[in-house]
Amino acid sequence: MKYWLLKSEPGSYSIDDLAAEKKKRTSWDGVRNYQARNLMREMKNGDLCFFYHSSCPKPGIVGIVKVVRQAYPDHTAFDPDDHHYDPKSDPEDPRWFMVDVRIVRKLARIISLRELREHGTGALSEMVLLRRGNRLSVTPVTKKQWNCITSLE
DNA sequence: GCCAACGTTGGC
DNA sequence: GCCAACGTTGGC
């Protein structure tokens with residue numbers, strides 16, 4: 001089993017939005033970056049992901065979600081009315097993919113980006129999220145990093 | 001709002 | 001294949 005981190009802007013979709021879903025799950029659609037797409041295609045059912053709030057007053061990890069459906073074509077790319085429409089994605093040969101995730105739990109408290117950075121010389125020094133200039137919305141997390149972060153809670 | 005970092009596009 | 005221009009991300 002692998003671990004990941006998924007970014008979302010709480011202004012558009014927050015951990016509370018996910019918790020409020022009837023089935024406690026959602027499709028992780030709208031990813032339009034090749035690196036992030038490739039990582040999403042590596043995700044397997046049962047993999048765990050941190051839910052990260054970005055572009056907000058207090059960026060950080062706010063919850064844990066589980067992959068419940070592995071990568072399948074992102075149909076929002078085929079919809080001209082969708083904000084993430086991509087005319088270059090052909091339904092016969094889809095360019096973009098999404099996974100479905102279910103909430104496992106909200107963390108008792110937010111583990112802020114600042115706090116993660118403060119562990120920069122320890123177990124988290126190699127964390128992809130913390131790399132300079134990183135903008136990927138989907139990043140891998142090692143078991144060691146996962147255990148370190150969950151122990152901070 | 002600023003701006004650094006990065007990805008994508010498109011002319012050549 | 002190079003690279004300048006442009007758009008986006010995301011912390012601050």
Side-chain angles (χ1 to χ4, degrees), chain A residues 2-21 26-43 47-67 70-101 103-142 144-146 148-153:
Chain A
K2 290 189 175 174
Y3 301 97
W4 310 91
L5 180 142
L6 301 173
K7 284 185 193 172
S8 185
E9 299 186 19
S12 46
Y13 195 84
S14 71
I15 189 77
D16 290 325
D17 291 327
L18 175 55
E21 301 278 4
T26 191
S27 299
W28 209 260
D29 60 15
V31 173
R32 298 291 181 267
N33 170 285
Y34 291 102
Q35 255 184 289
R37 178 203 67 181
N38 294 343
L39 290 169
M40 272 205 310
R41 290 207 286 203
E42 288 180 30
M43 291 180 169
D47 281 4
L48 294 174
C49 320
F50 285 128
F51 193 113
Y52 178 92
H53 279 173
S54 66
S55 292
C56 58
K58 194 167 184 189
I61 293 167
V62 292
I64 292 172
V65 303
K66 187 201 294 194
V67 177
Q70 295 173 200
Y72 61 106
D74 182 345
H75 56 77
T76 65
F78 311 138
D79 178 3
D81 295 328
D82 193 278
H83 183 246
H84 296 288
Y85 175 56
D86 180 1
K88 284 179 274 187
S89 187
D90 177 359
E92 298 302 311
D93 182 20
R95 175 175 299 206
W96 305 115
F97 291 79
M98 58 189 178
V99 297
D100 288 359
V101 297
I103 189 167
V104 173
R105 63 189 179 86
K106 204 176 152 178
L107 295 192
R109 66 180 187 87
I110 181 171
I111 300 173
S112 69
L113 176 62
R114 188 171 193 275
E115 185 173 353
L116 295 172
R117 285 238 166 84
E118 284 166 4
H119 289 260
T121 54
L124 306 183
S125 59
E126 304 288 303
M127 199 175 176
V128 176
L129 174 76
L130 303 180
R131 281 187 199 156
R132 201 171 66 105
N134 170 68
R135 296 186 335 191
L136 271 185
S137 60
V138 180
T139 53
V141 174
T142 66
K144 190 174 147 193
Q145 291 160 359
W146 182 274
C148 174
I149 292 167
T150 51
S151 76
L152 295 176
E153 186 188 6

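Residue numbering restarts at 1 for every chain, and letters A, B, ... go by the order of the sequence lines.
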Return no unless some side-chain N or O of [X] is found under 4.0 Å from OP1 or OP2 of [N].
{"X": "A/Arg132", "N": "B/dA5", "result": "yes"}
{"X": "A/Tyr52", "N": "C/dT9", "result": "no"}
{"X": "A/Lys7", "N": "C/dG10", "result": "yes"}
{"X": "A/Arg117", "N": "C/dC12", "result": "yes"}

Heavy-atom contacts under 4.0 Å between residues 53-64 of chain A and DNA chain C, which residues?
A/Ser54, A/Ser55, A/Pro59
Please step through side chain to side chain contact (heavy atoms under 4.5 Å, CB included) for the pair A/Cys49 and A/Tyr3, ending with a clear verdict.
CA-CA 6 Å; A/Cys49 320; A/Tyr3 301 97; over 6 Å; no
Could you measure the distance from the CZ atom of A/Arg109 to the CD atom of A/Glu153? Nearest 0.5 Å is fine.
7.5 Å
Might you work through the salt bridge (Lys or Arg N to Asp or Glu O under 4.0 Å) test for A/Lys58 and A/Glu115, ending with a clear yes or no?
CA-CA 11 Å; A/Lys58 194 167 184 189; A/Glu115 185 173 353; over 6 Å; no
Calculate the interatomic distance between A/His84 atom NE2 and C/dT9 atom C1'; express it in whole Å.
13 Å
Among side-chain atoms of A/Thr76 and A/Asp74, is any donor-acceptor pair under 3.5 angstrom?
yes
When you compare the side chains of A/Ser27 and A/Tyr72, does any donor N or O come within less than 3.5 Å of an acceptor on the partner?
yes
Which pair of heavy atoms, one from A/Met98 and one from A/Trp28, lies closest together, and at what distance?
CB-O, 3.2 Å
